Amino acid sequence: MADITLSLPDGSQRTLPDGATGADLALDIGPGLAKAALVATVDGIERDLAVPLPDGATVSIVTADSDAGLYTIRHSTAHVLAQAVLDLWPGATYAIGPPIDHGFYYDFLLPEGATFSPEDLEAIDSRMREIIALDQLFERHETDASGAMELFEGHPYKREIIEKVSEGDGGAELSGEAGASGVLSCYRNGDGFVDLCMGPHVPSTGRLGHFALQKVAGAYWRGDESQPMLQRIYGTAWASKKDLAGHLHRLIEAEKRDHRRLAVELDLVSWPESLGPGLAVWHPRGALIRKLIEDYSRERHEAGGYDFVFSPHIAKSILWETSGHLDFYADGMYPPMEMDGATYYPKPMNCPFHVTVFDSSQRSYRDLPLRYFELGAVYRYELSGAIHGLMRSRGFTQDDAHIFCTREQVPAELASLLEFTLSVLRAFGFDDFQAKLSTRPEGKAVGEDDLWEMATDGLRSALETAGLSYVVDEGGGAFYGPKIDVDVTDAIGRPWQLSTIQLDFNLPERFGLEYVGSDGERHRPVMIHRALMGSIERFFGVLLEHFAGAFPAWLAPEQVRILPVAAEHQQYAESIRSSLGDRGYRSTVVPADEPLGKRVRAGKVTKVPHILVVGDDDVANSTVGENARGADSPERDLPLDAFIERLADEVATRV
RNA sequence: GCCCGAGUAGCUCAGUUGGUCAGAGCAGGCGCCUUGUAAGCGUCAGGUCGUCGGUUCGAAUCCGACCUCGGGCUCCA
């Protein structure tokens with residue numbers, strides 16, 4: 001029998017007998033690797049370990065250390081979930097079950113419209129662990145469309161996938177379910193369970209086990225509202241018990257940062273039932289933080305060459321007809337109001353108003369670019385199920401601006417705009433950005449080709465000049481122009497999409513906007529929509545979660561809390577408050593009606609950046625005892641002037 | 001809007017199979033204590049158990065509808 005020669009990722013070569021599999025190769029390299037091996041990457045394609053390797057192939061053994069390995073574990077765990085559910089619910093059918101970030105899900109349709117209850121998860125979990133204990137092999141089989149149709153008799157969703165795949169129309173949402181190009185593969189394990197699947201899978205169920213079923217949810221078949229609602233089970237799966245525990249711990253930590261919880265605990269915002277879904281009131285401490293955010297935004301825009309404008313909350317239907325919102329966006333708009341024989345709509349966007357400001361007089365190229373800024377409150381009819389605290393509500397305030405410029409000005413304008421955007425976000429403690437460039441969609445798009453090209457190039461070079469990493473969403477732009485979206489990563493690694501910079505070739509056309517060029521001719525300006533924080537309310541929520549409620553001193557509603565040790569130190573405490581106040585810092589004095597320890601604790605729980613304790617020594621020497629937020633131990637005998645200097649520096653540098 | 005789940009004092013939560021089950025801690029008021037760095041002591045007040053119906057001799061507890069919230073799906077031109 002001839003031997004085969006294989007190349008490893010490190011460039012070395014190994015010779016194995018013909019017919020050797022990935023598992024054989026792993027064992028040949030070492031027993032430790034054989035034990036850890038999950039799948040093999042053969043010439044760049046992931047394969048089951050049981051597949052014989054072709055001569056001359058480049059092969060790497062994938063373990064749980066890699067994303068691909070984890071992905072396989074999650075995918076295989078999803079199969080076991082389906083196996084357990086089909087065992088426990090005779091008559092149930094299954095749809096798709098892909099791996100996702102941190103885990104997997106699987107969609108089912110239970111007989112007679114039954115649904116999963118959270119208690120069912122325990123039974124499913126137990127059954128899954130039994131299957132894993134049996135260490136069943138995942139065995140791959142290949143067939144053709146008619147064989148597959150026969151195999152999945154009685155499982156309409158699988159058959160629908162088979163049809164789609166056979167037509168070569170699998171589509172991204174079905175990827176992973178079956179192979180391309182006419183060959184359909186499926187995996188069997190145990191004595192009857194089979195699933196349509198492209199694979200690969202771990203060698204056997206015994207390689208799984210560090211998983212947890214998390215929640216049940218409804219999900220439309222193929223994500224389509226007009227399709228039946230399936231029952232989805234979500235789970236998480238990891239390579240080790242430790243990784244699983246770590247993930248569950250992170251989830252608990254994230255829950256502690258939930259802005260809805262912190263907003264109530266810190267007395268910032270509340271959602272009284274009497275207001276209606278998605279509508280909040282801002283308490284003094286929350287409103288103060290919000291005001292500081294807005295003040296900073298205004299300050300930066302003023303310095304950044306923006307003109308401030310204001311616009312009303314409602315306007316007649318003619319405005320929304322001209323802008324096209326009533327054609328394209330009516331479902332998202334609040335219903336109309338009839339007044340004096342006219343129809344008014346609450347505004348879902350500020351842009352048409354800013355357009356009317358531009359259009360209020362004749363513009364020369366000398367006037368451009370014109371940048372109109374407004375903290376504009378808009379109202380959108382969000383589906384009730386989509387509402388989420390401050391992150392998604394039916395009324396919110398955009399830090400919105402519209403820039404009107406000439407075509408020639410577009411590249412420079414975009415470059416400085418992106419720079420400006422990042423600079424403002426950095427001031428709030430974000431320094432990890434990820435951008436997305438969305439380009440011209442196929443089909444109906446307005447604007448000439450060269451305009452699209454120029455604008456898209458402008459966006460791309462702005463990203464490159466800023467040194468921002470970005471992905472390209474080919475065809476992901478709106479019909480009216482390309483855009484950049486900027487995500488920030490928060491303190492616990494979660495991405496939040498905040499900023500958007502969007503070209504618009506449509507509105508200037510619809511409103512017939514013009515300026516007079518140096519050639520004396522009339523030209524159409526280009527319009528750029530942009531928001532840095534997006535929604536002020538949502539941005540506040542993101543900051544609240546990012547800082548876990550511990551706002552930096554420049555944003556903290558109460559920067560300093562002064563605690564006299566006893567009543568006789570009250571006057572000294574008041575004098576400190578007064579001098580801090582004179583310098584523009586926010587402080588309070590909590591009198592000695594309660595024990596010191598209790599007052600210190602109250603200050604810590606409220607996340608005040610600086611707690612000052614003052615007693616006899618301090619009165620005598622003009623010092624303070626400082627207990628800083630996050631400090632291990634208090635610092636005694638700090639000269640008051642030194643403390644003020646420290647605070648001033650902290651506020652000025654926004655740390 | 002659709003699927004699942006949850007609603008008990010301002011907050012966090014207990015309330016076994018429907019029968020003194022309307023409770024606790026924190027927060028709040030009052031009194032005592034006069035305090036050197038994360039909860040001093042006592043005492044008082046607070047809830048139509050989300051709302052409205054129904055079952056029952058009896059409902060926080062069982063059923064239905066609605067409202068609100070949560071997790072998903074969808075949506076976010």
Side-chain angles (χ1 to χ4, degrees), chain A residues 105 107 109-110 113-121 214-234 255 258 260-261 264-267 270-279 323-333 348-349 351 380-389 391-392 396 441 477-481 497 500 502 504 506 529 534-535 538 561 563-570 591-606 611-618 624-629 631-637:
Chain A
Y105 67 81
D107 288 345
L109 186 65
L110 300 183
T115 57
F116 292 118
S117 71
E119 296 78 58
D120 293 333
L121 291 185
Q214 294 173 297
K215 49 204 171 197
V216 300
Y220 300 109
W221 166 235
R222 304 193 70 174
D224 183 343
E225 244 179 318
S226 66
Q227 296 280 356
M229 171 128 339
L230 306 177
Q231 295 295 307
R232 175 172 297 180
I233 293 176
Y234 280 95
E255 207 173 311
D258 190 312
R260 294 161 300 184
R261 165 198 283 264
V264 171
E265 278 176 9
L266 298 177
D267 194 21
S270 65
W271 290 267
E273 272 202 27
S274 54
L275 304 197
L279 301 171
S323 69
H325 285 97
L326 279 175
D327 282 341
F328 296 110
Y329 196 63
D331 287 349
M333 291 173 68
M349 293 185 196
C351 24
R380 297 182 184 176
Y381 183 76
E382 301 288 356
L383 291 180
S384 62
I387 290 169
H388 180 89
M391 303 301 190
R392 192 83 177 270
F396 58 95
F479 71 90
Y480 52 81
Q497 191 195 310
T500 183
Q502 174 121 34
D504 189 339
N506 182 49
H529 305 251
S535 142
R538 178 168 175 276
R561 184 172 291 192
L563 310 179
V565 171
E568 60 261 37
H569 311 120
Q570 177 75 15
D593 297 333
E594 299 277 7
L596 183 60
K598 183 168 183 170
R599 286 179 289 150
V600 168
R601 179 170 196 280
K604 293 287 187 185
V605 168
T606 317
I611 296 169
L612 300 184
V613 173
V614 293
D616 288 336
D617 299 347
D618 300 297
V624 296
E626 190 199 1
N627 194 330
R629 186 174 65 198
D632 291 336
S633 57
E635 181 179 354
R636 289 283 300 271
D637 306 319

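A note on names: the letters A, B, ... follow the listed sequences, proteins ahead of strands, and every chain is numbered from 1. Predicted model only: the values in this text are computed from it and were never measured.
- A straight line from NZ of A:K598 to P of B:G42 spans 12 Å, rounded to a whole angstrom.
- Base engagement by A:D617 is indicated by at least one non-hydrogen atom pair under 4.0 Å involving a base atom.
- Among the protein residues, A:Q231 comes within range of the sugar-phosphate backbone only, with heavy atoms under 4.0 Å from sugar or phosphate atoms but none that close to a base.
- Closest to the side chain of A:P595, from the set B:C76, B:G40, B:C2, is B:G40.
- Residue-to-nucleotide proximity on RNA chain B shows that, of A:A478 and A:F116, the 5′-proximal contact is made by A:F116.
- Look at A:S117 and you won't find any side-chain N or O under 4.0 angstrom from OP1 or OP2 of B:C4.
- Side-chain atoms of A:D616 and base atoms of B:G36 include no donor and acceptor less than 3.5 Å apart.
- B:C62 and B:C57 are spaced 16 Å apart, taking the C1' atom of each and rounding to whole Å.
- Listed nucleotides: B:G1, B:U37, B:G71. Nearest to the side chain of A:L596: B:U37.
- The two residues A:L326 and A:A330 come nearest to each other via the heavy atoms O-CB, 3.4 Å.
- If you check B:U56 for Watson-Crick or wobble pairing at under 3.5 angstrom, you find it has no partner at all.
- Note on A:G597: only backbone sugar-phosphate atoms sit closer than 4.0 angstrom, heavy atoms only; bases stay farther off.
- When atom types are taken as modelled, the side chain of A:R392 and the backbone of A:G278 share no donor-acceptor pair closer than 3.5 angstrom.
- Contact between the side-chain N/O atoms of A:Y234 and the OP1/OP2 oxygens of B:C73 is found at a separation under 4.0 Å.
- Under the Watson-Crick or G-U wobble criterion, with both distances below 3.5 Å, B:G1 is paired with B:C73.
- B:A38 and B:A6 have their P atoms separated by 41 Å, with the value rounded to a whole Å.
- Not a single donor-acceptor contact under 3.5 angstrom links the side-chain atoms of A:R232 to the base of B:C4.
- For B:G46, the base adopts the syn conformation, since its glycosidic angle falls within 90 degrees of zero.
- Counting heavy atoms from C-beta on, the side chains of A:R260 and A:H388 come closer than 4.5 Å.
- Distance check, rounded to the nearest 0.5 Å: CD1 of A:I611 to CZ of A:R629 gives 10.0 Å.
- Looking at heavy-atom distances under 4.0 Å, A:A217 makes contact with a base.
- Side chain A:Y220 to base B:G1: a donor-acceptor pair is found below 3.5 Å.
- Taking the C1' atoms as reference points, B:G54 lies 15 Å from B:G18, given to the whole Å.
- Remark on RNA chain B: of its neighbouring residues A:D224 and A:V605, the 5'-side contact belongs to A:V605, judged by nearest-heavy-atom nucleotide.
- For the P atom pair drawn from B:U20 and B:C2, the interatomic distance equals 39 Å after rounding to whole Å.
- Distance from the side chain of A:H388 is smallest to B:G71 among B:G1, B:G71, B:C75.
- Nucleotides B:C52 and B:G71 place their C1' atoms 27 Å apart, quoted to the nearest Å.
- A:D120 contributes a side-chain N or O that, together with a main-chain N or O of A:S117, makes up a donor-acceptor pair within less than 3.5 Å.
- Searching all strands for a Watson-Crick or G-U wobble partner of B:U61 with both distances below 3.5 Å returns nothing.
- Regarding contacts with the backbone of B:C4, a side-chain N or O of A:T115 is found under 4.0 angstrom from either OP1 or OP2.
- Atom CD in A:E225 sits about 13 Å away from atom P in B:C73, given to the nearest Å.
- No engagement by A:P564 is indicated, since no non-hydrogen atom pair under 4.0 Å with the nucleic acid exists.
- The side chain of A:V600 lies closest to B:A38, out of B:A38, B:C4, B:C76.
- Applying the 4.0 Å criterion to OP1 and OP2 of B:U34, one finds that A:H569 has every side-chain N and O outside that range.
- When the C1' atom of B:G40 is taken as reference, atom CG of A:D593 falls 14 Å away, rounded to whole Å.
- Of the P atoms belonging to B:C73 and B:C41, the separation is 48 Å, rounded to the nearest Å.
- Using atom P as the reference point in both B:G19 and B:G23, the two lie 15 Å apart (nearest Å).
- Taking atom CH2 of residue A:W221 and atom C1' of nucleotide B:U74, one finds them 16 Å apart after rounding to whole Å.
- A close approach under 4.0 Å does not occur between any side-chain nitrogen or oxygen of A:R260 and OP1 or OP2 of B:C69.
- Here the separation of B:U48 from B:A59, taken at their C1' atoms, is 13 Å to the nearest Å.
- One can place OH of A:Y381 at 5 Å from P of B:G1, the figure rounded to the nearest angstrom.
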